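Before any comments, here is the structure.
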There are 2 protein chains.
Amino acid sequence: MQRMTRQRLAVSETLAEIPEFVSAQQLHDELTARGDAVGLATVYRTLQALASAGEVDVLRLSDGELAYRRCARREHHHHLVCRACGTTVEIDGLTVEAWASLVGDSHGFTRIEHTVELFGLCPECSAEDAADPETVGEAR
Amino acid sequence: MQRMTRQRLAVSETLAEIPEFVSAQQLHDELTARGDAVGLATVYRTLQALASAGEVDVLRLSDGELAYRRCARREHHHHLVCRACGTTVEIDGLTVEAWASLVGDSHGFTRIEHTVELFGLCPECSAEDAADPETVGEAR
DNA sequence: ATAAGACTGAGAACCGTTGTCAACTTGGTC
DNA sequence: GACCAAGTTGACAACGGTTCTCAGTCTTAT
C-alpha cells in the first residue's frame, strides 16, 4: 500500500514549483535550502516513482545526468530546453511521431520507441549571447 | 602533434569491423579477445578523440552508457537501433531537421541542436519476439 | 642516433545512482 | 486512543561507467 509521507509531499510539491528540469541532487539541495530536508536516497526513489507513474518527465542531460520536471501535459510530448538557463517549452511531436513510425516500418522494425529532445538558447539568452557570447553558460 | 601508435590503430580498425554500436568496455574486451590488448583508459581516450574528430558516432544508451560506431556516412544523420541485437540502420533526418528548426524558430530559440534516436526490434528479432516475447533480451 | 614530448596503462579518484538495513512512520483495526 | 503490520526513511556502503594521475615508454622530427 502506498503511503503519504512528509518526504513524498515535499518532493512532489517542490518539483511542482520548479519550472525547469532539475536533477535529483539539485532538488535535494533545494529541499534542504527550504528547510524541508529529505534524504538523498529518498529523493531518488521518489523521483523514480513519480516518473514511472507518469507524473513527471525525465530527460537525460548531455552529461548523462537525469533531470526531472512536472509537465503541464501528461500525454507524450517533447521539450525545447534552453542550454543556458533551463527554460523549457513543451512541444507536441506529431510530425516526428509520424516520421518515426514511418521510418521504423519501412525497415521492418517493430516496437519503435524514440528519444527526441531539442536544445537551444531561449530568446533572453539569445540576446545575451549576441551581446557577449562568452558570458553565456552552456552547463545543461 | 598527433602520433600513430599501435593502440590507436587497433581501436580504429577494430571499431571499423564492428557494425553495431559498442561501448568502450565492450570494445576493450573485444580487443583483448583478439590478442591486441589496449588499456581501458586508452580505449576511452581514443574513442573520445575519434568522436570529436567526427570519425565515429556516439550514442547514449538508455542506461546512460555511451556507445560508439563507425558510420558509413560522415554527414549528420540518425540511427534506428535494434534494442535486442544492436543492428543499426543509418537514416537521414531531413524531416526532423526541418521540424526541429521550425519549432525552434517559432519559439524564438537560437542555436538549435537536437538528439533524435529511434529504437525498436529489427526484422529478425521481431520474429523471435512474436514466437516468444520472453526470450528477446532488451539489454541495449 | 638523439632528444623532446606525445602516448600509454595500472590504479586511484570521481560522481551519479542504487542497494542495505536498522530505526521510524503510517494507516487500518480493535 | 492504543496497537501492530508493513511501508518508508536515511546514513552509509557499494556500484559502474568514466576520467585523472604520473612514471615509464614509444614516435617522430632533426
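Since we're looking at a predicted model, the values are computed, not measured. Here is how names work: the chains are called A, B, and so on, in the same order as the sequence lines, proteins then strands, and each is numbered from 1.
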Under 30°, 30 to 60°, or over 60°: which ring-plane class applies to B:His114 and B:His76, parallel, tilted or perpendicular?
perpendicular
What string of B, S and - do you get for nucleotides 19-30 of chain D, 5' to 3', if B is base contact, S is sugar-phosphate-only contact and - is no contact with any protein heavy atom under 4.0 Å?
BBB----BBS--
Report the distance from atom CG of B:Asp36 to atom C1' of C:dT8, rounded to the nearest whole Å.
14 Å
Whole-Å distance separating the CZ atom of A:Arg60 from the P atom of D:dG17
12 Å
A side-chain contact here means heavy atoms from C-beta on lying under 4.5 Å apart; do A:Tyr68 and A:Leu50 qualify?
no
Rounded interatomic separation in angstrom, taking CD from A:Gln25 and P from C:dC14
15 Å
note: A:Leu61, atom CG; C:dC15, atom P; distance rounded to Å ~ 16 Å
Just by distance, with hydrogens left out, do A:Ser12 and A:Arg70 show a side-chain donor and acceptor under 3.5 Å apart?
yes
Using whole Å, report how far CD of A:Glu65 lies from C1' of C:dT18.
15 Å
Backbone of A:Val11 reached by a side-chain donor or acceptor of A:Thr14 within 3.5 Å
no
Begin from the C-alpha positions of A:Arg34 and A:Glu17 and carry the test salt bridge (charged side-chain N to carboxylate O under 4.0 Å, His left out) through to its verdict.
CA-CA 12 Å; A:Arg34 296 189 179 200; A:Glu17 294 169 20; 2.5 Å; yes
Integer-rounded Å distance: C:dG16 P and A:Asp29 CG:
11 Å
So does B:Gln7 get a side-chain nitrogen or oxygen closer than 4.0 Å to the phosphate oxygens (OP1/OP2) of C:dC7?
no
Hey, what's the ring geometry for A:Phe21 with A:His79, parallel, tilted or perpendicular (30° and 60° as the breaks)?
perpendicular
Interatomic distance, B:Asp63 CG vs C:dC15 P [rounded to whole Å]
21 Å
